[in-house]
Protein chains: 2
Amino acid sequence: MIKKRIFFDPEIKKEGLSKIKKAFERMQYERESGLAGYYDLPVNQSETISAIEDFISTNEYLSHNLIKDLVVIGIGGSSLGTRAIDTLLMFSHNRNIVNIHFLENLDPLYLINSIKKIDLSKAFIVVISKSGTTIETISITKYIFSLLQDPIKGLDLKNKIAVITDRDSPLDRLSKERDWKVFYIPTNVGGRFSVLSPVGLLPLAILGYDIKALLNGAAAMREEFMQNGVELLLFKKAYYYYKHRKKINMNILFSYSSMFEAFNKWYIQLWGESLGKKRKENERVGLTPVGLIGSVDQHSFLQLIVEGPKDKSVTFLKLKNFELPITVPHLSLPYLETTDFVNGRRFQTIINSQCDSTMEAVIEAGVPVDLIEINELNEESAGYLIYYFELLTSAVGAMLQINTYDQPGVEKGKILLKNRLSK
Amino acid sequence: MIKKRIFFDPEIKKEGLSKIKKAFERMQYERESGLAGYYDLPVNQSETISAIEDFISTNEYLSHNLIKDLVVIGIGGSSLGTRAIDTLLMFSHNRNIVNIHFLENLDPLYLINSIKKIDLSKAFIVVISKSGTTIETISITKYIFSLLQDPIKGLDLKNKIAVITDRDSPLDRLSKERDWKVFYIPTNVGGRFSVLSPVGLLPLAILGYDIKALLNGAAAMREEFMQNGVELLLFKKAYYYYKHRKKINMNILFSYSSMFEAFNKWYIQLWGESLGKKRKENERVGLTPVGLIGSVDQHSFLQLIVEGPKDKSVTFLKLKNFELPITVPHLSLPYLETTDFVNGRRFQTIINSQCDSTMEAVIEAGVPVDLIEINELNEESAGYLIYYFELLTSAVGAMLQINTYDQPGVEKGKILLKNRLSK
């Protein structure tokens, strides 16, 4: 289904083997102790799946296709994963015609113009906040409530709203009081690791996706991890990233399909927020994620990779089958005969050859490169990819001996904001 | 109109002053010698403007509002600038209702689904390629031609297509033979510096924007540059980036409005492709650009900035007036009273306070920060910003003593592609 190769010497000697072994043990500990709940999401959610299916099949709006717009109010980990998967699979046969809208930023122009595109009378709203008090999410929810509040009919959201939050959060309590449907995020699953929890599963199910297949794909990668352990190629990659982190402080994900645009952003949050940490004695560690789209960014960022400082690694992500056999027409235009070498070629062949050629040039420039090749885009491969990058993040985090799952650095700004606006 | 501040000591001593002076002189030389044509675009295009206005006012489709879709076929510098400005100003009063579509990537799924949204019978096509042989652009153009080719009526594109390319390029020759309208990119203006040439001006004019005001905004920044020279704050910033390039190898543009999404991408190409170079003795230099959107990326990337390695500088971009006085409703929800501190506040006030608070936290973390504050988004401020970042790029490039305007590193992959597909 998904092939992986690395094109550099990961330099695993005795020390590397020991580091990898310790990281694997640490990850097993994180999983078994429940320190990080994401590890078991692919295999422990049959009840969640049933609850989501029950909810959708019994909800008077969702079950009768009375919904035109799905409005997801949530920011960061509450929206990035759903958006990543929906953008990856937007052309799949399972996807229904419900429009999805993500309301996240407080930018008023953008917000108002996003809301203009929503038919609120035919909208289903999902409010997602792990803490239940995320300021963007609650402010936008209040604003949407004010639009929904009909002076005659009042505000009746019953059956048109669901909430996803931590058990006993303020938002959970409000929801119970109002009799809104609530799904819980397991306490030990952080926002950026939550796409395979109700955070992603509920909206994706409403859009028609096969969420069981999504989890099955993730479970396949989990099984590889459990079975092959330290033999997994991802540990070799993680070790190289760990070992060279001071010189190679950036990791590029170069995805050869426009459908990976949102997936790249999901990866950026996962990698950046998980690995950018102070560790003991206040040493600052972290690797910077960069997301690129091929071939577009060959015309933007490639020059820097090929000729700039050797401070980057590159992972190429290639989609083998686009399932659309369109070709460049056999059209020879006068003066443009030099471009005829692609005539009659499938677009798929050309973009994949662009990936191969760029990869070859980047390898030749001495940059550490690896390749992930996906046979086709579907729920299984999406779930597999998600879980692969989560494991890779955990592996590097374990080697760095940091807490991969918190984000203490963002609190300061929140306090400053509250002080500033409470005046 | 646009205020700039830096919050770090640029450490300009005698050596710095001399470096800045030399960079300024180099830039004057680049401008005067014609080595880099972008410097004078804001002031030398009255003929181009007239030609564009004439063309639009006399074209039978464009002058009578018979166009529903504007299709821009172009990649990299041929589309990023137009997209940046159109996304910045999409809610402006000047913007007409023509839909713009950018066809750039050969990804067949994405391409076909983009084309599905176009009413080809009411479309105007602009093909943009500086060399005239860009493989993505020509392949997509051929594909579009095959869709337009009516078996009965044949292919008559006259008055429904314009081409923007270098004089005497293969595409120019074809266009002349077919009697298509051609606008030229000045030979000494590279793709990523070309948005203020016909590359951006023609499509933006078709969308209704005031392109004279866009150039006037850029001319205002140019005037500052010519008048204040080495006194410009941007030289201090450029010197700091130059001096600390080995430790601080990333420059973040953190823009506090969703409308800057495409602008960030334009900046990424400009910065990455211009500064990532081999210089004498094969020394590899370059600074990596990162584009973030506030407040969204506070929930994604901020942790890495605050606690990760001190290998980044951050430029905050803040929009003072969003011109939409919407507020968070005075709605106190049970259990969520801790979020009431934003009740009654304008969304604009909150997002700008988020910018201020984050900036304060990032400065406190010891990261070099500067701020660009824009009073309001319009053609003038967009033009000013574009020119500001172009100058900043040239200044750092001059200090690095590289050729800021070429991109030799991307050729290898093109040759490999041709070899691969010509078999």
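All chains are named by letter (A, B, ...) in the order of the sequence lines, taking the proteins before the strands, and each is independently numbered beginning at 1.
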Exercise. Which pair of heavy atoms, one from A:T339 and one from B:T133, lies closest together, and at what distance?
Worked result: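 Answer, listing the atom of A:T339 first, then B:T133: CG2-O, 3.8 Å.
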Problem set entry | Atom of B:N105, atom of A:S295 and distance for their closest heavy-atom approach |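 Scanning both residues completely, I find the closest heavy atoms to be OD1-N, 3.1 Å.
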What part of [X] gets within 4.5 angstrom of chain B, counting heavy atoms only: side chain, backbone, both, or neither?
X      : result
A:Q407 : both
A:R345 : side chain
A:V285 : backbone
A:L111 : side chain
A:D297 : neither
A:I293 : side chain
A:K246 : neither
A:L331 : both
A:N282 : neither
A:V296 : both
A:L324 : both

Flag the one option from [options] with the top tally of heavy-atom pairs under 4.5 Å to chain A.
options                : value
B:D172, B:I138, B:V290 : B:I138
B:Q269, B:E337, B:M90  : B:Q269
B:A361, B:P408, B:S422 : B:P408

Quick one: what part of [X] sits under 4.5 Å from any heavy atom of chain A, side chain, backbone, both or neither?
X      : result
B:V410 : both
B:L174 : both
B:E411 : neither

For this session: Consider only side-chain N and O atoms of A:R420 and B:S353, and report whether a donor and an acceptor are under 3.5 Å apart.
Result: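 A:R420 vs B:S353: no donor-acceptor pair found between side chains.
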Problem set entry | B:E136 and A:H299 side chains, donor-acceptor separation under 3.5 Å |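 Yes, B:E136 and A:H299 have a side-chain donor paired with an acceptor closer than 3.5 Å.
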Exercise. Less than 4.0 Å between a side-chain N and a carboxylate O, is that true for B:R284 and A:D311?
Worked result: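 Not counted as a salt bridge, because no side-chain N and carboxylate O are separated by less than 4.0 Å.
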At what distance, to the nearest 0.5 angstrom, does [atom1] of [X] lie from [atom2] of [Y]?
X      : Y      : atom1 : atom2 : answer
B:S139 : A:N343 : OG    : CG    : 7.5 Å
A:F322 : B:I112 : CZ    : CD1   : 12.5 Å
B:Y143 : A:I326 : OH    : CD1   : 4.5 Å
A:L109 : B:S258 : CG    : OG    : 10.0 Å
B:M250 : A:K312 : CE    : NZ    : 9.0 Å
B:Y335 : A:L171 : OH    : CG    : 12.0 Å

Exercise. Between A:N419, A:L80, A:T288, which residue shows the highest count of heavy-atom pairs closer than 4.5 Å to chain B?
Worked result: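 Ranked by contacts with chain B, first place is A:T288.
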